[in-house]
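Following: one structure in structure tokens, then a few remarks.
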2 protein chains.
Amino acid sequence: MTIKKIAQLANVSTATVSKVINGKDKYISEATKLKILKIVEQEGYVPNGIAKSLKIKKTKTIGIIIPDVMNLFFSELARGVEDAAEKRGYTVILCNSDNKESKEEKYIQMLQEKKVDGIIITAPENRTHQSIKIQDIPLVLVDRDIGTQTDQKIGRITVDNRDGAYKATKYLIENGCREIGMISSNYKNKPSADRIKGYEKALDESNINIEQNKIFLENYTIESGYNGAKKILKETEVDGIFCGNDLIAIGAIKALREKDIRIPEQVKIIGFDDIQISQYMDPPLTTIRQPIYQMGEESVKMLISLIKNKGKNLEKVLQTKLIQRGSA
Amino acid sequence: MTIKKIAQLANVSTATVSKVINGKDKYISEATKLKILKIVEQEGYVPNGIAKSLKIKKTKTIGIIIPDVMNLFFSELARGVEDAAEKRGYTVILCNSDNKESKEEKYIQMLQEKKVDGIIITAPENRTHQSIKIQDIPLVLVDRDIGTQTDQKIGRITVDNRDGAYKATKYLIENGCREIGMISSNYKNKPSADRIKGYEKALDESNINIEQNKIFLENYTIESGYNGAKKILKETEVDGIFCGNDLIAIGAIKALREKDIRIPEQVKIIGFDDIQISQYMDPPLTTIRQPIYQMGEESVKMLISLIKNKGKNLEKVLQTKLIQRGSA
DNA sequence: ATGAAAGCGCTAACAT
DNA sequence: ATGTTAGCGCTTTCAT
């Protein structure tokens, strides 16, 4: 079924059918409108979006490139993106890059061929290189920073990591901790650096010394959390630990358990992210929630603004929230 | 940049450019081939896939409709699908239905307009209704059963749930359990029914009576697991529980903990699915792993067979695997 | 070894 | 209020 066949069946031109289908029927008589709609219904006609896209040069499709949907952070982000896109009549193509530049580039090529209207891209490590050479496709970077191209339309969504870390550490202090450790990542990117700054600021404000043997920086993994807690415990004493993300917190808790240290009575643990499993841990994790779903939503809102030519260099910083549970 | 511009720059026809770009260059002289390729490279030309799709009536795109990417089961499935699709030059459009028929239908309409070459659809509950009226688009159902249409191309991927449940229960028996409970869902679908059958078969084989007060059927949730374990504990005694999925197992463990029952010494717990969090629980969950990622892969293989007209009613049953960890 | 031209299904400017 | 028509960028048949 094509618009042409519908037109024949209705004894009208394709133009008329097109107008009716697309609601541009101001000047169409009620009679023909009804007649056409009826035939469309009867024949189960579905417009060919490909042909339409070719003509109007819009696909109402966006691409999202994330490292891995199986990672809870990114699946939530993807859900936020998908919901927001669907609500606005957009369809989303999902790409998993595993943080590999080669995969990213391959996907970007594919998305360009598919003529997506825009791309949302994210990565935990903020690459410095400029691997993304995209012609005129609007781009939104989530939690990521790359050098701006000449005059590409770019948007950025980030989270106030410094404030989040500050709130976490402050919370420990307010709950009586004075010997506060930190376990986080040693990545050289802004989110990681900001989490350290927030931790230090909170200690400074309360006149607590920053001691290097209470700080362990490695990776955002359970293993690093475990290693970090063991090392800190061996070298010094703590009554609270701020963990750079929830996985680290889970690892740290495991290490403390092995030493029969009670949480939160003896040592309080606070994480960052609020991934889904955190609430099911034992004890349930107190943590700093990142508005992940909302980041997804905001990134499509921003992307669509860019697509519709409203601005060309947008930026938005979202705030975190302390979620109080059992570990601190 | 279009193929036409490239043709002009190279002083050849669009037909020649098209042939070179698509590798159909058997009869093209090396000289012109090189000339064209060089210009393509210089100009950074990217073919317009939309125009191509309109012409060849293939989009190299498939749609996947799942309830929710944030659910670990489905994110893993989506990853399997995406990887397998990418490997074969296909792009995937992701849709979250929340198990709502209205959303499914809306997405199916969208996917039809986008002229996807095929659709993969899945749901935890096997609907009996025939909501899916898709014209000629090949369809693969994952873990789901709907009545076959007239002569639609359909594939089905399922897991041998009965055998999985049998293995789980058998394992408990082999490890000394004689009073074995079951907590699962009361959904009226094949996977759920099969899990019950597998449990009963294992008990039968070992001449253990099936006792209704050791069985609790509700939902596939942590809460149901918690409720189920409490109820069973109140009414009877058990030394092992087969849980219909891992969430239930997590809830059951919580209930046992509250009664200071040691796992696995006093009661052994085995789950089903092997979702990601299971390995991080305390104790780590012994469970029956479903080959979720593989289901995703198999479903695109099957879908592409259908698209390429190899068969029109395919079926594949995958097997489960016992993962031994700390809870049983 | 290369090119001319039709046509995929649609939209929209313009004509009537 | 409705119709004519060009053209979006590409592939492919058929000619040469």
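All figures in this text were calculated on a predicted structure; none of them were measured in a lab. By convention in this document, chain letters (A, B, ...) are assigned in the order of the sequence lines, proteins followed by strands, and residues within each chain are numbered from 1.
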What are the two closest non-hydrogen atoms of B:Leu72 and A:Met70, and how far apart are they? CD2-O, 4.2 Å

Through what angle, rounded to 10 degrees, does the axis of the helix from C:dA1-D:dT16 to C:dT16-D:dA1 turn between its ends, using five pairs per end? 40°

A:Asp117 side chain to A:Ile62 backbone, donor-acceptor under 3.5 Å: no

Rounded distance (nearest 0.5 Å) linking atom NZ of A:Lys19 with atom CD1 of A:Ile28: 5.5 Å

A:Gln152 and side-chain contact (heavy atoms from CB on, under 4.5 Å): which partner among A:Asn313, A:Leu139, A:Asp136? A:Leu139

Under a 4.5 Å cut-off applied to non-hydrogen side-chain atoms, are A:Met110 and A:Glu113 in contact? no

Only counting residues at least two apart or in another chain, list the ones meeting salt bridge (Lys or Arg N to Asp or Glu O under 4.0 Å) with B:Lys316. B:Glu298

Give a yes or no on whether the backbone of B:Ile3 and the side-chain of B:Thr14 come within a donor-acceptor separation of less than 3.5 Å. no

Nucleotide range of DNA chain C contacted by chain A, 5' to 3', under 4.0 Å to a heavy atom? C:dG9 to C:dA12

Residues of residues 49-59 of chain B with a heavy atom under 4.0 Å from any atom of DNA chain D, listed by number, are B:Ala51, B:Lys52, B:Lys55, B:Ile56

Please report, to 0.1 Å, the donor-acceptor pairs under 3.5 Å made by any side chain of residues 4-11 of chain A, with sequence neighbours excluded.
none

Opening and closing nucleotides of DNA chain D in contact with chain A, under 4.0 Å to non-hydrogen atoms: D:dA1 to D:dG9

Apply side chain to side chain donor-acceptor pair (under 3.5 Å) to residues A:Lys115 and A:Ser53 and explain how you reach the verdict. CA-CA 9 Å; A:Lys115 294 286 168 194; A:Ser53 290; over 6 Å; no

Hits for salt bridge (Lys or Arg N to Asp or Glu O under 4.0 Å) against A:Asp98, two or more places apart or cross-chain, chain-then-number order -> A:Lys103, B:Arg79

Indicate yes or no: does B:Glu41 engage B:Lys38 in a salt bridge with an N to O separation below 4.0 Å. no

Counting only pairs under 3.5 Å, give me each side-chain donor-acceptor contact of residues 20-27 of chain A, with atom names and distances, residues two or more places apart or in other chains.
from: A:Asn22; atom 1: OD1; to: A:Lys52; atom 2: NZ; distance (Å): 3.1
from: A:Asn22; atom 1: ND2; to: A:Ser18; atom 2: O; distance (Å): 2.9

Heavy-atom nearest pair, A:Asn48 first then B:Leu54, reads ND2-CD1, 4.3 Å

Any residue of residues 14-24 of chain A with a heavy atom less than 4.0 Å from an atom of DNA chain C: A:Ala15, A:Ser18, A:Asn22, A:Lys24

Between side-chain atoms of residues 301-312 of chain A and protein atoms elsewhere (two or more places apart, or another chain), which donor-acceptor pairs fall under 3.5 Å?
from: A:Ser305; atom 1: OG; to: A:Lys301; atom 2: O; distance (Å): 3.2
from: A:Asn309; atom 1: OD1; to: A:Lys153; atom 2: NZ; distance (Å): 3.0
from: A:Lys312; atom 1: NZ; to: A:Asp151; atom 2: O; distance (Å): 3.4

Using heavy atoms and a sub-4.0 Å distance, could you list which residues of residues 4-13 of chain B are near DNA chain C? By number, please. B:Asn11, B:Val12, B:Ser13

Atom of B:Phe73, atom of B:Asp143 and distance for their closest heavy-atom approach: CZ-OD2, 4.4 Å

Applying side-chain contact (heavy atoms from CB on, under 4.5 Å), name anything that partners A:Glu82, two or more places apart in sequence or on another chain. A:Glu86, A:Val92, B:Asn96, B:Tyr107

